[in-house]
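Basis for what follows: all heavy atoms, side chains included, without hydrogens, waters or symmetry-related copies. One-based numbering, in listed order, for ligands and for the atoms of each.
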Amino acid sequence: MTKLALVISRWDPQPWIDRFAHLAPELNVCKWPDDDTPPEDIDYALAWQPPDGVLAGFANLKAIFSLGAGVDHILREPKLPDVPLVRVVDPDLTMRMSEYVCLHVLMHHRQQRLMDADQANTDWTERPQWSASAMRVGVMGLGELGRDAAEKLVHLGFQVNGWSNSAKQIDGVTSFAGKGELDAFLGASDILVCLLPHTPDTHAILNRDLFRKLKTDGPLGAPVLINAGRGKLQVEADILASLDAGELGAVTLDVFETEPLPADSRLWHHPGVTLTPHNAADSDPEALCKYILGQIRRHEAGETLQNVVDRGAGY
Ligand code: NDP
Ligand code: OXD
């Protein structure tokens, strides 16, 4: 019998176990550690922030599945078995992220946080509103998530640019690629949306030097940052310094250098910060177990796995 181990920290494994039991009762799916199963019997590991060393202990693994789109939480394991590492690419997850990006781009564009504060002060200030076409949104990372979000922002009427390693052709989106075009991309961004993976190349990329290159003469008066990629892409001390100096007008952050965000972080209470608890695009067992089962069935039938991570690139 094919054996799957759920190696999960911080999430409840039970909904995954229940969903697999419903969809594929022929599989043996256990929460790891499991007293009844020796590690060498495990065929597939399904991981979210796996504890150090666990994956290395599965001697006969056929593949590792990340239970999210990102894989940094798995690649940090120094002795990762040399088997395919598959990540989530699924319309459910993609749509959730695009909802988040559109919500927060629109919230900043329409100055909703300022009007929330006005309401709290019984203050009828008539704030001017601009059309979306007056706003330039730059999307860092034009992969599965960035591309979909960029397309939806185009449909909302924003001017949209994107930045990625390789140049892209996406209707309505101006593509910038590589380090050589980063400054031009930043200089054209009123609202910067980050959907990059965390890799050695992107570590701490969202820093004060970068913020100072953003467009400063847009309708909002100062640029806005939205980061739903990974916390280790950002330097939080720099975000706070740039907010205090007016180099950034506001930020939305879904991800943090340390998660959960420590209670003493100034980000919690800064008026320029909107934050969410790393739930921009939740991994939903309902949707994702189906995707993973499809991949396992392909593999067992001798077909190639899809969405296998390039370990050298780190995403
Ligand atoms: P993809 O791998 O599909 O896309 C990554 C994109 O980033 C690609 O366009 C890639 O360029 C670009 N990129 C990577 N490195 C660089 C670099 N050094 N310079 C420029 N561009 C670079 O990933 P997804 O879109 O599926 O997901 C992106 C990230 O979103 C995940 O890695 C994860 O960290 C985060 N995430 C966060 C969630 C949340 O709830 N907050 C939920 C899901 C994901 P190219 O196309 O040229 O290769
Ligand atoms: C993911 C995440 O990588 O939820 O999917 O962060």
| query | Just by distance, with hydrogens left out, do D201 and Y315 show a side-chain donor and acceptor under 3.5 Å apart? | reply |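 Result is no, nothing qualifies.
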Strictly by modelled atom types, are H108 and T252 linked by a side-chain donor-acceptor pair under 3.5 Å?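 Short answer, yes.
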Next on the checklist: So that I can tick it off, tell me whether K232 and D72 are bridged by a salt bridge, with the cut-off set at under 4.0 angstrom between side-chain N and carboxylate O.
Outcome noted: no
| query | Judged by non-hydrogen atoms, does L142 sit under 4.0 Å from ligand 1? | reply | yes
(Q) Within the structure, is a non-hydrogen atom of G68 found at a distance of less than 4.0 Å from ligand 1? (A)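 G68: no contact with ligand 1 (<4.0 Å).
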Any heavy atom of R87 under 4.0 Å from ligand 1? The part involved is side chain
**Q.** L196, portion touching ligand 1 at heavy-atom distance under 4.0 Å
**A.**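 Both of them.
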Which side chain to side chain donor-acceptor pair (under 3.5 Å) pairs, counting each pair once, include a residue from residues 83-93, with sequence neighbours left out?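 Of all non-adjacent pairs touching residues 83-93, those that pass side chain to side chain donor-acceptor pair (under 3.5 Å) are D92-R96.
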If you count the atoms of ligand 1 from 1 in the order shown, which ones are under 4.0 Å from a heavy atom of W163?
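Counting from 1, the qualifying ligand atoms are 19 (N), 20 (C).
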A student checking ligand 1 against R230 at a 4.0 Å heavy-atom cut-off should list atoms 33 (C), 34 (O), 35 (C), 36 (N), 37 (C)
Heavy-atom donor-acceptor pair, D238 side chain to R208 backbone, under 3.5 Å:
yes
Could you tell me whether the side chain of D254 and the main chain of G229 form a donor-acceptor pair under 3.5 Å?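 No, the answer is negative, given that no donor and acceptor are paired below the 3.5 Å cut-off.
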Provide, line by line, the atom pairs where ligand 2 and the protein bring an N/O atom each to a distance under 3.5 Å; else say none.
from	atom 1	to	atom 2	distance (Å)
ligand 2	3 (O)	A69	N	3.3
ligand 2	3 (O)	G70	N	2.8
ligand 2	3 (O)	R230	NH2	2.7
ligand 2	5 (O)	A69	N	2.7
ligand 2	6 (O)	R230	NH1	2.8
ligand 2	6 (O)	R230	NH2	3.3
ligand 2	6 (O)	H278	NE2	2.6

Heavy-atom pair of closest approach, residues L61 and P81 |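 Scanning both residues, the minimum pair turns out to be CD2-CG, 4.0 Å.
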